[in-house]
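Lettering of chains follows the sequences in order, A, B, ..., and the numbering in each one begins at 1. These figures come from a predicted structure and were not determined experimentally. These values consider heavy atoms only, across backbone and side chains, with no hydrogens, waters or symmetry-generated copies.
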Protein chains: 2
Amino acid sequence: MAVYNFNAGPAVLPKSVMLKAQEEFVDYRGCGYGIIEESHRAKAFDEIIQAAEANFRSLLNISDDYAVLFLQGGASLQFAMVPMNLAIPGKKIGVCDTGEWSHKAMKEMKILGNEIDLIYNGEPCKFSKIEGIKDWKIDQNLAYVHICSNNTIYGSEYPYFPETGNVPLVADMSSDFMARPFDINKFGLVFAGAQKNIGPSGTVVVIIRKDLAARCPATVPTMLRYTTHIDKGSLFNTPSTFGIYMIRLVTDWLIANGGLAAMQKKNEEKAAKLYAAIDACPFYTGTVDPASRSMMNVTFRIKGGDEELEAKFVKEAKEAGLIGIKGHRAVGGLRASIYNAMPLEGVEALVAFMNNFAKVNG
Amino acid sequence: MAVYNFNAGPAVLPKSVMLKAQEEFVDYRGCGYGIIEESHRAKAFDEIIQAAEANFRSLLNISDDYAVLFLQGGASLQFAMVPMNLAIPGKKIGVCDTGEWSHKAMKEMKILGNEIDLIYNGEPCKFSKIEGIKDWKIDQNLAYVHICSNNTIYGSEYPYFPETGNVPLVADMSSDFMARPFDINKFGLVFAGAQKNIGPSGTVVVIIRKDLAARCPATVPTMLRYTTHIDKGSLFNTPSTFGIYMIRLVTDWLIANGGLAAMQKKNEEKAAKLYAAIDACPFYTGTVDPASRSMMNVTFRIKGGDEELEAKFVKEAKEAGLIGIKGHRAVGGLRASIYNAMPLEGVEALVAFMNNFAKVNG
């Protein structure tokens, strides 16, 4: 039986990447031991981290004005590191609230003593849409503006990004990073936990406009300053070397498969198939307004929220080799995460299962 | 040719662990995909992190008064996290300075505004010994005392630990953690980057007396508070799941091989053989006083510091399959790291090479 892993992250990785990593696991390219055992100062690892960075620069067309960093602590640590480095005393931080991950970011801003300017409030619509983006008013006196580009829990995604003028735009792109092209020059800082589209958990990729890093006050510990990691090329201390190795393989795979434009086309096709199955059958309802639907995390309910049937769906899907369809515990329901590495066949298998399940239980 | 990896970290892992991880890399115990792709909330990963914690508790006889945490950011982030959580306004922090890693810890204490009470200063002897430990005076009004149990760069190690009375003792044990038994009840907090004795880089193990975690002031960001991770069993956010999986396998291996007492016996035997080879031949000199020598990182020079011959040694050793013998860039010279997973045969091969090299070049 084919098994498809729809987990929201850590998540499915490209099969060819998994096989290559397995093949060279105990003997990396003839050196006699595994890359996981190699020094982060060795030539072999240097080649890997340089190649990984070069892959990001090529895939996203990143200029030298920006640094590409491989850090630890996940997006959750970035929620603190961003305001520690980029807040400006006396200035507010702008936030567009599109759900749980926006709240976590705001919590850390407040702990650190910052005031927030709420640019968009998704609460009234229960985060079922992200609307009016082009009309959002951005006070030009803000320290920066924070957005979460794709909301893994609610299943919504920015169809396009706000224009913030001279105010740096910071994006938590954890769950849709590298799933579609975007213009990095519109952003001051982008961060993404690797465990969705680009590798295993334990590494967060940060792309930062270098001049912004200089804002950091002297009272911030060394490891929490972007300048530390920019100056040392992410090797101030020992990074998650195996994670970066995997990220290098995944980004090699992205390039070999046509880059981000090709990835977007494939992702749109997968998402369209899945949403079409939901919309075609009144047994299922999507939880997000069509204009704000995520290409990555497809959230839906059965009979408007029949928890018993949903539990049955999750159980039987698992038995059919369709893993990780349960919605996030904060919202319930069902969720299929269809990141870059999910093949079209996985989505087709899920759609066939859904149609059959609706027929039997509808 | 047999290859032996003497890197200081990331470092050699047990061969049987590497083979097992390779075998189940793309299909973890029949689930159809790799553990690196599994959700951190899934039952399979829960079993792993629980087993890893149980292994530490069993190997070190850790009571429920202590939490065992798997965090990110390495020992370098702990240099900041420890004072952020355990410093007390108006009280000094005691530090025993045994080298580079003590300095890095002190730097972060100072950035965070703490005053330091220097209990021991290894500078005058150039960190070639750690002496008089039992006579060190510990002011009972200190917030805590910080030590680095093994100095990877200088090659020194505490033969026994200081008695600090009611003042919590904090140890950076990165490079000798799990290499010998110790009484955890003497410590308030112990941390260790995994990449020496217990797994790959990207995870730092923290063992903390739970009552101390309550000291943390409200201004510390969520991810940097020990209480956050204690409350959530290291799953507040996504940890480095593959790293924790490897740590579980390594600690399984430790238990299957007789635990820490057996490990110490094996490590003493390896270190004794290597130091004997150094001491038997005037061509080589150990850099550390015999009473303070590390069982883990054996540092030595050729002809008291002949850099040309040392470079030749590193090059020819590498050609002979003996990897990573170069000393740390901060001190130069030669260093062989012989952690738990280095087999006796590796040390014997190095000793044979050393004897031959001395004969040819002496």
Asks: Strictly distance-based, threshold 3.5 Å: is any side-chain N or O of B:Ser76 a donor or acceptor partner for the main-chain N or O of A:Asn237?
Replies: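 The answer is no, because no donor-acceptor pair under 3.5 Å joins these two groups.
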Asks: Below 4.5 Å from any heavy atom of chain A, which atoms of B:Ile36 appear? Answer side chain, backbone, both or neither.
Replies: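 For B:Ile36, backbone and side chain are both near chain A.
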Asks: Which atoms of B:Lys107 come close to chain A, meaning under 4.5 Å heavy atom to heavy atom: side chain ones, backbone ones, both, or neither?
Replies: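 Side chain only.
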Asks: Select one option (side chain, backbone, both, neither) describing which atoms of A:Leu19 are under 4.5 Å from chain B's heavy atoms.
Replies: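 For A:Leu19, backbone and side chain are both near chain B.
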Asks: Does any heavy atom of chain A fall under 4.5 Å from the side chain of B:Ala218, the backbone, both, or neither of them?
Replies: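 Only the backbone of B:Ala218 comes within 4.5 Å of chain A.
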Asks: Pick whichever of B:Met84, B:Met1, B:His40 has the most heavy-atom pairs under 4.5 Å with chain A.
Replies: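 Option with the top pair count is B:His40.
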Asks: Looking at B:Val26, B:Thr203, B:Val220, B:Thr241, which one has more heavy-atom pairs under 4.5 Å with chain A than the rest?
Replies: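 Most pairs with chain A among the choices: B:Val26.
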Asks: If you count the non-hydrogen atoms of other residues, nucleotides and ligands that lie under 6.0 Å from CD in A:Glu47, is the total more than 12?
Replies: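 For A:Glu47, atom CD is crowded (more than 12 foreign heavy atoms under 6.0 Å).
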Asks: Distance to the ring centre below 6.0 angstrom and angle to the axis at most 45 degrees; does that hold for B:Lys104 and A:Phe236?
Replies: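 The answer is yes; both the distance and angle limits are met.
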Asks: Identify the heavy atoms of B:Pro221 and A:Leu112 that sit nearest to each other, and give their distance.
Replies: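 Result for this residue pair: CG-CD2, 3.9 Å.
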Asks: Going from CZ on B:Arg329 to CZ on A:Arg41, what distance comes out if it is rounded to the nearest 0.5 angstrom?
Replies: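 Answer rounded to 0.5 Å: 4.0 Å.
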Asks: Given the options B:Pro10, B:Gly243, B:Ser39, which has more heavy-atom pairs under 4.5 Å with chain A than any of the others?
Replies: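 Of the options given, most contacts go to B:Pro10.
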Asks: Evaluate the side-chain proximity of A:Asp27 to B:Val3: yes if any heavy-atom separation is below 4.5 Å, no if none is.
Replies: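 Counting from C-beta outward, B:Val3 and A:Asp27 never come under 4.5 Å.
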Asks: Side chain, backbone, both or neither: which part of B:Ile323 has an atom under 4.5 Å from a heavy atom of chain A?
Replies: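 Contact with chain A involves the side chain of B:Ile323 alone.
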Asks: Parallel, tilted or perpendicular: which one describes the rings of A:Phe25 and B:Phe25, with boundaries at 30° and 60°?
Replies: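 Judged by the thresholds at 30° and 60°, the geometry between A:Phe25 and B:Phe25 is tilted.
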Asks: If you count heavy-atom pairs under 4.5 Å with chain B, which of A:Lys110, A:Gln72, A:Met246, A:Met81 comes out on top?
Replies: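 That would be A:Gln72.
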Asks: Would you say the side chain of A:Thr222 lies within less than 4.5 Å of the side chain of B:Glu108, judging by non-hydrogen atoms?
Replies: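 B:Glu108 vs A:Thr222: side chains touch.
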Asks: Report yes if some heavy atom in the side chain of A:Val12 is under 4.5 Å from a heavy atom in the side chain of B:Tyr33; otherwise report no.
Replies: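 No. Closest side-chain heavy atoms not under 4.5 Å.
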Asks: For each of A:Ser201, A:Pro200, A:Gly32, tally heavy-atom pairs with chain B at distances under 4.5 Å, and name the one with the top tally.
Replies: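 Ranked by contacts with chain B, first place is A:Ser201.
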Asks: Below 4.5 Å from any heavy atom of chain A, which atoms of B:Gln195 appear? Answer side chain, backbone, both or neither.
Replies: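 Contact with chain A is through the side chain of B:Gln195 alone.
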Asks: Is B:Glu38 in contact with chain A via its backbone, its side chain, both, or neither, using a 4.5 Å heavy-atom distance?
Replies: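 Contact with chain A is through both the backbone and side chain of B:Glu38.
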Asks: Could you tell me the separation between the CE atom of B:Met223 and the CD1 atom of A:Ile111, rounded to the nearest 0.5 Å?
Replies: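 CD1 of A:Ile111 is found 12.0 Å from CE of B:Met223.
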Asks: Is it the case that the side chain of A:Glu37 and the backbone of B:Leu13 share a donor-acceptor pair, with hydrogens and angles ignored and the cut-off at 3.5 Å?
Replies: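 Between the backbone of B:Leu13 and the side chain of A:Glu37 there is a qualifying donor-acceptor contact (under 3.5 Å).
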